[in-house]
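Let me begin by presenting the structure, written as structure tokens, before commenting on it.
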Amino acid sequence: MIAAIPNIIGWLCISFARDSSFLYMGRLLEGFGVGIISYTVPVYIAEIAPQNLRGGLGSVNQLSVTIGIMLSYLFGLFVNWRILAVLGILPCLILIPGLFLIPESPRWLAKMGMTEDFEASLQVLRGFDADITVEVNEIKRSLASTSRRTAIRFADLKRRRYWLPLMIGIGLLVLQQLSGINGVIFYSNKIFESAGISSSNLATVGVGAIQVIATAVSTWLVDKTGRRILLIVSSAGMGLSLLLVALSFFLKGIVSEDSTFYGILGILSVIGVVCMIISFSLGMGPIPWLIMSEILPIKIKGLAGSVATLFNWSCSWLITMTAPLLLDWSSGGTFTLYTVMCILTVAFVAIWVPETKGKTLEEIQYSFR
């Protein structure tokens with residue numbers, strides 16, 4: 001609810017901007033609101049979802065993000081940016097009253113010692129006819145060794161049960177951004193123009209639609225195949241796709257613009273970008289946020305989750321700022337750098353990331369002890 005307020009004010013600043021200072025202020029307010037929402041939403045979903053549906057429901061968060069991106073591309077074809085900013089207010093206005101209709105996280109209530117509210121919230125979420133005794137006892141056992149309302153100290157992060165899940169969460173969220181996905185999405189128009197595509201705006205809308213479809217497939221698969229396999233397949237697919245794009249741009253630099261092969265290379269680079277976005281949406285898009293929300297112990301979830309989110313958005317800012325500079329320097333070189341990051345991601349997942357499919361949050365967190 002709090003996060004929706006700076007989002008509304010931010011969109012108003014952008015829509016009614018008189019000079020660039022209004023745009024900067026609006027962007028800062030939007031960043032503040034989205035920074036809060038991007039962490040609290042996956043955590044809330046993980047804490048309320050049944051064990052067998054947690055992966056799919058957690059991935060719905062990223063699916064919603066991709067739908068929002070596609071709609072902004074689509075509406076941007078027909079309305080100017082001021083009207084587009086006004087449209088951005090509508091979801092925020094729906095969010096505030098809508099939140100009054102959903103219960104508080106039962107695990108958070110249990111952590112705060114509100115036993116009756118915790119059980120009532122869980123009963124509402126599972127249905128009034130459901131037997132929640134086993135789940136209630138499991139949550140109580142998990143919290144038995146945790147002091148109620150005790151603040152986490154940085155010294156506590158030296159313990160393996162805390163530093164290992166934090167390191168995995170930060171690693172996944174940082175590598176998610178260093179793969180260059182936001183550089184590709186934010187500057188897709190420029191990339192398509194460099195590839196020789198004349199209708200770059202329509203191509204961008206098409207990419208947004210493909211991203212929605214691929215993320216929907218991931219939402220369906222994640223509780224069937226598991227998190228690790230999707231992450232590895234996704235990262236490997238991104239690496240191969242980016243390598244294709246890099247080679248296409250390198251070869252375009254040495255091939256005559258009048259040759260047929262030059263046009264083929266342009267098509268190959270577009271295919272590579274599309275395959276990269278599909279691969280990202282299958283795993284590296286939704287799953288890092290899902291795993292981060294699953295593996296962090298409830299005692300450090302606030303501090304550790306905020307730190308991991310900070311690293312994610314800091315890397316997103318870095319990629320967004322450097323992408324146009326790198327593309328001007330060398331398109332092929334830029335995509336080669338992103339390819340290397342994808343290879344590192346495959347290694348990181350294979351070595352460090354545990355499988356969380358089919359486990360309760362309490363079982364996952366106990367495994368780090």
Side-chain angles (χ1 to χ4, degrees), residues 59 62-63 65-66 69-70 73 172 174-197 200 203-218 221-222 225 227-253 255 261-288 315-316 319-320 322-324 326-327 329-350:
S59 298
Q62 182 67 16
L63 176 61
V65 171
T66 60
I69 292 170
M70 184 191 69
Y73 286 159
L172 279 175
V174 165
L175 289 168
Q176 179 195 58
Q177 294 298 334
L178 293 183
S179 67
I181 185 63
N182 278 338
V184 172
I185 289 176
F186 295 159
Y187 299 101
S188 53
N189 266 16
K190 186 173 182 178
I191 293 167
F192 288 141
E193 286 169 4
S194 299
I197 302 297
S200 57
T204 302
V205 174
V207 165
I210 290 168
Q211 194 176 13
V212 171
I213 295 168
T215 307
V217 172
S218 173
L221 284 175
V222 69
T225 61
R227 282 63 154 162
R228 271 172 54 90
I229 187 65
L230 278 180
L231 283 174
I232 291 172
V233 169
S234 171
S235 304
M238 288 172 68
L240 291 172
S241 302
L242 289 167
L243 183 61
L244 175 62
V245 179
L247 289 172
S248 298
F249 277 112
F250 277 130
L251 291 173
K252 284 185 76 174
V255 172
F261 189 50
Y262 188 89
I264 293 172
L265 290 172
I267 294 170
L268 287 176
S269 62
V270 171
I271 290 171
V273 167
V274 171
C275 289
M276 183 260 192
I277 290 174
I278 291 172
S279 298
F280 175 84
S281 302
L282 285 174
M284 282 304 291
I287 296 178
C315 290
S316 174
I319 293 296
T320 305
T322 58
L326 289 170
L327 288 168
W329 160 66
S330 169
S331 296
T334 302
F335 286 106
T336 301
L337 289 174
Y338 293 160
T339 302
V340 172
M341 290 297 107
C342 292
I343 294 169
L344 291 175
T345 303
V346 173
F348 180 84
V349 173

Taking side chain as C-beta onward, heavy atoms only, is Ile181 less than 4.5 Å from Met276?
yes
Ignoring hydrogens and angles, state whether a donor on the side chain of Thr320 or Asn182 is under 3.5 Å from an acceptor on the partner side chain.
no
Please give me the minimum heavy-atom distance between Phe348 and Leu172, naming the atom from each residue.
CE2-N, 3.9 Å
Say you draw a straight line from OG of Ser235 to CE of Met341; how long is it, rounded to the nearest 0.5 Å?
12.0 Å
Nearest non-hydrogen partners of Ser281 and Gln211, listed with the distance:
OG-CG, 3.0 Å
Enter the distance from Thr215:OG1 to Ile277:CD1 here, rounded to the nearest 0.5 Å.
10.5 Å
Compare every heavy atom of Leu242 with every heavy atom of Cys342, then report the nearest pair and how far apart it is.
SG-CD1, 3.6 Å
May I ask you to decide if Leu326's main-chain N or O and Thr334's side chain share a donor-acceptor pair within less than 3.5 Å?
yes
CG-OG distance between Leu344 and Ser179, expressed to the nearest 0.5 angstrom
11.5 Å
Rounded to the nearest 0.5 Å, the CZ atom of Phe249 sits from the CG atom of Leu327 at a distance of 7.5 Å
Distance-minimising heavy-atom pair for Ser248 and Leu268:
OG-CB, 3.5 Å
So how far is it from Ile213 CD1 to Ser218 OG, rounded to the nearest 0.5 Å?
14.0 Å
Approximate separation, where rounding is to 0.5 Å, of Leu221 CG and Ile287 CD1
9.0 Å
Worked check of side chain to side chain contact (heavy atoms under 4.5 Å, CB included) between Leu282 and Val233
CA-CA 8 Å; Leu282 285 174; Val233 169; 5.6 Å; no
Restricting to non-hydrogen atoms, name the atom on Val212 and the atom on Leu63 that form the minimum distance, rounded to 0.1 Å.
O-CD1, 3.5 Å
Does the side chain to side chain contact (heavy atoms under 4.5 Å, CB included) test come out yes or no for Phe335 and Leu244, once each step is laid out?
CA-CA 9 Å; Phe335 286 106; Leu244 175 62; over 6 Å; no
Leu243 vs Leu247 side-chain heavy atoms within contact, under 4.5 Å:
yes
Which heavy atom in Thr225 sits nearest to a heavy atom in Leu230, and how many Å separate them?
OG1-CG, 3.5 Å
Answer whether the closest heavy-atom distance between the side chains of Phe250 and Val255 falls below 4.5 Å.
no
Look only at the side chain of Ser234 and the backbone of Met284, and say whether a donor-acceptor pair between them is shorter than 3.5 Å.
yes
Would you check if the side chain of Ser269 reaches a backbone N or O of Val245 as a donor-acceptor pair within less than 3.5 Å?
no
